[in-house]
Amino acid sequence: MVRAGKEDPELNMLVGPPDRPVGRRSFLRTAGLLAAAGVAGYAGGTVAGLGDDTKPAAAPGRGPLTVGNRRDERLLNIYNWSDYIDDRTIPLYQAQSNIRINYDVYSSNEDLLARMRSGPTNYDIIVPTNNFIPTYLKLGLIEPLNTDLMPNLTNLDREFVETDYDPGNRYTVPWQWGTTGIGFNTSQAGDKVDSWAAVFEPPAAMGGRVTLLREVTDLIGCALIYLGRSPNSIKDSDLADVVKLVRSIRPKLKGFTTDTYIDELAASETWLAQGWSGDVFQAQDQNKDVSYVIPKEGSLRFVDVMAVPKGAPHPGNAARFMNYVLLPKVQARISGYVSYGTPVSLAKPLLPPDQTKDPAIYPQAETKLSILTLTGQKLQKWQAAYDEIVK
Ligand code: N2P
């Protein structure tokens with residue numbers, strides 16, 4: 001086991017000793033600090049609180065060259081969703097690999113896509129949702145993975161290999177998966193919430209306490225489901241009805257958000273939030289009045305997948321990190337913390353049974369869940385409907 005060393009007190013301070021765990025909310029700030037501090041040479045086991053899955057890394061400059069990279073640097077730039085990782089995986093991997101990680105976050109597929117379309121970035125790993133992959137491929141925004149560096153791909157469950165968006169994982173590796181549903185405060189909204197009506201036609205008493213997702217696919221897809229239309233509809237009349245419905249409840253909404261509702265549910269400021277499963281469970285960790293439901297009308301299921309932007313500086317390091325993330329113990333650590341589903345069933349025996357047996361995290365086969373498909377035309381039409389709603 002690698003122990004905290006005296007060589008790099010600044011790094012130890014940033015990561016925090018084992019008996020002072022970095023909180024869920026402060027972790028992202030910590031990741032930012034690691035990046036900002038530009039701490040070089042994570043060699044020699046100087047990271048505190050590492051747990052037992054690390055080996056001392058090679059001394060800086062003496063390890064093997066970082067094969068597969070365009071720039072010969074021990075660096076990896078990750079751009080992932082907010083609130084989507086535990087607080088130990090990044091420090092552990094840095095210590096084990098001697099690769100420094102810059103970790104940035106975004107909070108919607110639209111933000112990520114816009115960023116990737118606006119020109120080259122330094123990101124080595126991005127994590128779009130599966131239904132955006134055809135768009136990324138069509139626009140030439142991602143490149144094939146260096147699968148030679150990824151023997152742990154065999155750990156993936158078959159359903160995450162035999163996919164329509166990337167059969168055989170040539171371009172993508174699943175990070176975590178989940179469902180879209182409703183997070184609600186049982187003492188304010190009662191414990192009988194079971195329909196999309198709760199957020200799409202909220203009672204007056206919930207006024208100002210309701211949020212919807214600031215994400216085109218979830219907002220439009222779930223409103224279509226509530227209206228009894230196909231979640232994949234691009235009919236103008238269906239989209240007009242969605243716009244009318246959501247615009248009509250705008251005065252009752254607190255707002256549209258993808259990255260503040262965990263805190264707002266936890267603080268009992270929001271009582272009803274359209275949200276993603278794991279995010280709501282993260283709020284529940286802090287406030288036992290918070291509950292999650294997949295509405296009876298049905299909902300959406302998604303897989304968020306790691307991919308390498310075309311021309312990324314460190315695709316070799318990206319492949320190494322993806323390979324690490326496929327280890328059952330790493331999957332269990334991430335999934336156990338964020339409460340999303342793991343695509344590696346080998347991790348399940350390492351997870352608490354109350355998670356693996358929870359049908360809200362691992363829904364039963366009979367739960368009505370659709371996987372959205374996105375075409376260029378659909379994305380355009382749905383975006384226009386969304387813009388009309390939020391303008
Ligand atoms: C994590 C959000 C999950 C992303 N905070 C939904 N695709």
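One-based numbering along the sequence shown. When a ligand or atom number is given, it counts from 1 through the structure's own listing order.
- In this structure, the side chains of L372 and W382 come closer than 4.5 Å at one or more pairs of heavy atoms.
- Between the side chains of N69 and N317, at least one donor N or O lies within less than 3.5 Å of an accepting N or O.
- Some N or O of D279 is nearer than 3.5 Å to an N or O of ligand 1, by distance alone.
- With S195 contributing its side chain and A197 its backbone, the two residues share a donor-acceptor pair below 3.5 Å.
- At the top of the distance list for atom 5 (N) of ligand 1, counting protein heavy atoms only, stands S82 O, 2.6 Å.
- Of the N and O atoms on the side chains of Q282 and S339, not one donor lies less than 3.5 Å from an acceptor on the other residue.
- In R117, the CZ atom is not crowded: 12 or fewer heavy atoms of neighbouring residues, nucleotides or ligands sit closer than 6.0 Å.
- Against a heavy-atom cut-off of under 4.0 Å, F302 is close to the following atoms of ligand 1: 6 (C), 7 (N).
- W276 CE3, 3.6 Å is the protein heavy atom nearest to atom 2 (C) of ligand 1.
- The environment of K288 atom NZ is dense: over 12 non-hydrogen atoms of other residues, nucleotides or ligands sit within 6.0 angstrom.
- Neither the backbone nor the side chain of S107 comes within 4.0 Å of ligand 1, counting heavy atoms alone.
- Each of the following atoms of ligand 1 lies closer than 4.0 Å to a heavy atom of D304: 3 (C), 4 (C), 6 (C), 7 (N).
- Taking every heavy atom of T129 and a limit of under 4.0 angstrom, the matching atoms of ligand 1 come to 7 (N).
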